[in-house]
Amino acid sequence: MRQFAVVGSGPAGFYTAEALAKAYGDAAKIDILDRYPVPYGLIRFGVAPDHQSLKAVSKRYDKVAETEGVGFIGNVCVGTDVSVEDLLGFYDAVILAIGAPHDRKLGISGEDLPGVIGSAEFVGWYNGHPDFADLDPPLDGTHAAVIGNGNVALDVARILSKTRNEFEGSDIVGHALEALDASKIRTITILGRRGPHQIAMTPKELGELGHLEATLPLVDLNDFPPREDDEALEPGQRKSVTILREFNDIRANRPKSMVFDFFAKPLSIEGANHAERLIVEKTELDDKGAARGTGETYEVPASLVVSCIGYTTPPIAGVPYDERGGKFLNESGRIADRLYAVGWARRGPTGTIGTNRPDGYEVAQAIAAAMPAGSSGDRAGGEGLKRLLSDRGVKPTDFADWRRIEAAEEAAARSGSPREKMVRVEEWQRTLGH
Ligand code: NAP
């Protein structure tokens, strides 16, 4: 019997477990580990609460979890509770699918002022991530700034823009809904260091902004190249740019605005004891398409600044790490003998949930080629790991525990709207009687 440990229960982890289960059938046991007592990683803590259709993919992961030979071992932090070396002792191969949960730094002065928040923290806060339940972002000023021109920036700006009514049907966590409902923010400026042709936003997500109840998206057509230049763009990008241009045609009176500020590079964040304004430099494109400062600066008021400029994977002791890429050093997913990476921990933080499927399948096939079924050594697998955890005083959770937590959350949802997620580790522990 082969024994595999997949570390991380987000999309990358589940697609890899699915692929391993298909490749080995009943000749392998696959344990999916997570540092949290509940699974689904980015699906639970990252995908926007008003994008329920994207979260539906967890039904597919449920099926994987129910597959014979697949187990869940939650509440275990690899690197703290157990080392990768420990895991390699228990399992034939260890696959790191830990995503990229840390914010990339802006590297500008004022970044550490209160009111300056990374998107991982802000997104975690409105999604009920236990680490960020007490974030309490300042929503009492009238101006917010969102740095970055990717889909995460759009998620953050949209969540800041929506009315209580527009969260109907979402699974936004109660504390965030109340805080956003009381928010005084009226202007959200989205800062892109390059221009409309260089955005990393996708058409569907951009299109939603035109229909917001209380917020008007605003662009300055002077930032755009001549319309005929759009022809050279790849079709998806052309569609995005067209949607951006059409924001200018919306005739509506809405109390809040979302301002797209292109060619705008933040130089610093200033304020007495907390963020009050950004100092921004106007940019232009150099001949390689990168942003080059023009020397012209201006101020953007903001008492809340959310940087949405990408993520990094945290290093784990003993695992080779690519500092520049913020991910594990690997070749086609292989880090070292019997040690692999998948998803954002392998490629860096790009691509949609679906991108992780071929990624996970490719690595699972490489493992299957390197370790044929049936010729295994006698590794202890999950039973050995659980014995070690017990010796160390760690109480792991399994899928039955997750179901109990889910049932408690659903009961809470029935007694009030919106769905009340559990956002504190103690609540989980109470539910499980730990
Ligand atoms: P992203 O798509 O890579 O966008 C990052 C943005 O940050 C880029 O506009 C980049 O500009 C900018 N940036 C980077 N460093 C900067 C700096 N120092 N100063 C100012 N701007 C800077 O990353 P993301 O938005 O975090 O999204 C991650 C992945 O998740 C993407 O593949 C995204 O599509 C996906 N996602 C999808 C959805 C969805 O499908 N609904 C939702 C959320 C996320 P440059 O281009 O100039 O580098």
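We use all heavy atoms of the structure for the numbers below, so side chains are in, but hydrogens, waters and symmetry mates are not. A quick note: this is a predicted structure, and the numbers were derived from the prediction, not measured.
Residue pairs meeting the ring-ring contact (aromatic ring centres under 6.0 Å, His included) criterion with at least one partner in residues 181-204, sequence neighbours excluded, do not occur; the list is empty. Evaluation of the salt bridge (Lys or Arg N to Asp or Glu O under 4.0 Å) test over residues 345-360, restricted to residues two or more places apart or in two chains, returns Arg346-Asp359, Arg346-Glu362, Arg347-Asp359.
Residues Pro396 and Val76 come closest through the heavy atom pair CB-CG2, 4.1 Å. Here the closest heavy-atom approach between residue Arg238 and residue Glu231 is recorded as NH2-O, 3.6 Å. When every heavy atom of Thr431 is checked against every heavy atom of Ala408, the shortest pair comes out as CG2-CB, 3.9 Å. Taking all atoms of both residues into account, the shortest heavy-atom contact from Glu281 to Thr294 is OE2-N, 3.4 Å. Counting all heavy atoms, side chain and backbone alike, Val342 lies closest to Ala97 at CG2-CB, 3.4 Å. Ser332 and Asn330 get closest at one heavy-atom pair: N-OD1, 3.7 Å.
Residues that satisfy the salt bridge (Lys or Arg N to Asp or Glu O under 4.0 Å) test with Glu323, not counting sequence neighbours, are absent from this structure. When the salt bridge (Lys or Arg N to Asp or Glu O under 4.0 Å) test is applied to Asp181, the partners found at least two apart in sequence or on another chain are Arg164. With sequence neighbours excluded, the residues satisfying ring pair (Phe, Tyr, Trp, His ring centres under 6.0 Å) with Tyr36 are Phe45, His129. Phe328 is linked by a ring pair (Phe, Tyr, Trp, His ring centres under 6.0 Å) to nothing, counting only residues two or more places apart in sequence or in another chain. Tyr24 meets the ring pair (Phe, Tyr, Trp, His ring centres under 6.0 Å) test with Phe4; sequence neighbours excluded. Ala48 pairs by the side chain to side chain contact (heavy atoms under 4.5 Å, CB included) definition with Asp50, His51, Asp155, Arg158, not counting sequence neighbours. Annotation: ring pair (Phe, Tyr, Trp, His ring centres under 6.0 Å) contacts of Phe122 (sequence neighbours excluded): Trp125, Tyr126.
Atom-to-atom distance recorded for Ile172:CD1 and Lys162:NZ is 9.5 Å, nearest 0.5 angstrom. Note that OG1 of Thr187 and CG of Leu218 are 9.0 Å apart. Values are rounded to the nearest 0.5 Å. The CD1 atom of Ile279 lies 10.0 Å from the CD1 atom of Ile269; values are rounded to the nearest 0.5 Å. In this structure, CG in Leu154 is found 9.0 Å from OG in Ser240, a value given to the nearest 0.5 Å. Distance check, rounded to the nearest 0.5 Å: CG of Asn127 to CG of Asp171 gives 7.0 Å. Separating the OG1 atom in Thr297 from the CG atom in Leu278 is a distance of 12.5 Å, to the nearest 0.5 Å.
Around NZ of Lys239, the count of heavy atoms belonging to other residues, nucleotides or ligands within 6.0 Å does not exceed 12. Residue Lys327 places its NZ atom among more than 12 non-hydrogen atoms of other residues, nucleotides or ligands, all under 6.0 Å distant. By the neighbour-count criterion of 12 heavy atoms within 6.0 Å, atom NZ of Lys204 is densely surrounded, having more than that number from other residues, nucleotides or ligands.
A side-chain contact (heavy atoms from CB on, under 4.5 Å) with Ile147 holds for exactly one of Val280, Val156, Val305; it is Val305. Exactly one of Thr80, Asp81, Asp86 qualifies for a side chain to side chain donor-acceptor pair (under 3.5 Å) with Arg392. That residue is Asp86. When each of Leu139, Asp140, Leu160 is paired with Ser183, the side-chain contact (heavy atoms from CB on, under 4.5 Å) condition holds for Leu139 and for no other.
Put simply, the side chain of Met258 reaches to within 4.5 Å of the side chain of Leu212, judged on heavy atoms. Side-chain contact between Val6 and Leu33 is absent, with no heavy atoms from C-beta onward closer than 4.5 Å. No side-chain heavy atom of Tyr321 sits under 4.5 Å from any side-chain heavy atom of Ile335. Counting heavy atoms from C-beta on, the side chains of Phe262 and Asn149 come closer than 4.5 Å. Ser257 is not listed as a side-chain neighbour of Ile188, based on a closest heavy-atom distance of 4.5 Å or more.
Here the side chain of Arg292 pairs no donor or acceptor atom with the backbone of Thr283 at under 3.5 angstrom. No donor-acceptor pair under 3.5 Å is formed between the side chain of Trp402 and the backbone N or O of Pro39. Checking side-chain atoms of Arg338 against main-chain N and O of Tyr91 turns up a donor-acceptor pair under 3.5 Å. A donor-acceptor pair is defined here as one N or O able to donate and one able to accept, closer than 3.5 Å; no such pair exists between the side chain of Ser83 and the backbone of Gly79. Panel note: side chain Arg379, backbone Met1; no donor-acceptor pair is recorded below 3.5 Å. The backbone N or O of Gln237 lies less than 3.5 Å from a partner atom in the side chain of Glu234, making a donor-acceptor pair.
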Next item on the list: Decide salt bridge (charged side-chain N to carboxylate O under 4.0 Å, His left out) for Arg44 and Asp34; before the verdict, give the C-alpha distance in whole Å, the side-chain angles of both, and the deciding distance to 0.1 Å.
Entry: CA-CA 13 Å; Arg44 184 177 170 104; Asp34 204 290; over 6 Å; no
**Q.** Steps toward side-chain contact (heavy atoms from CB on, under 4.5 Å) verdict (Ile185, Thr142)
**A.** CA-CA 4 Å; Ile185 291 169; Thr142 52; over 6 Å; no
Requested in this report: May I have the step-by-step check of side-chain contact (heavy atoms from CB on, under 4.5 Å) for Asp401 and Asp398, ending in yes or no?
Outcome: CA-CA 5 Å; Asp401 293 330; Asp398 59 16; 3.3 Å; yes
query: Step by step, would you call Arg403 with Glu406 a salt bridge (charged side-chain N to carboxylate O under 4.0 Å, His left out)?
result: CA-CA 5 Å; Arg403 292 292 180 223; Glu406 192 179 45; 2.9 Å; yes
Distance-only donor-acceptor hits, side chain of residues 99-119, under 3.5 Å, sequence neighbours excluded:
from, atom 1, to, atom 2, distance (Å)
Asp103, OD1, Ser119, N, 3.1
Asp103, OD1, Ser119, OG, 3.3
Asp103, OD1, Ala120, N, 2.9
Asp103, OD2, Ala120, N, 3.2
Arg104, NH1, Ile309, O, 3.1
Glu111, OE1, Leu106, N, 3.4
Glu111, OE1, Gly107, N, 2.8
Glu111, OE2, Leu106, N, 2.5
Ser119, OG, Ser307, O, 3.4
Ser119, OG, Tyr311, OH, 3.0

Between side-chain atoms of residues 10-21 and protein atoms elsewhere (two or more places apart, or another chain), which donor-acceptor pairs fall under 3.5 Å?
from, atom 1, to, atom 2, distance (Å)
Tyr15, OH, Tyr61, OH, 3.4
Thr16, OG1, Ala12, O, 2.7
Glu18, OE1, Arg60, NH2, 2.7
Glu18, OE1, Tyr361, OH, 2.5
Glu18, OE2, Arg60, NE, 2.9
Glu18, OE2, Arg60, NH2, 3.3

Under 3.5 Å donor-acceptor pairs involving side-chain atoms of residues 189-196, not counting sequence neighbours:
from, atom 1, to, atom 2, distance (Å)
Arg194, NH1, Gly289, O, 3.0

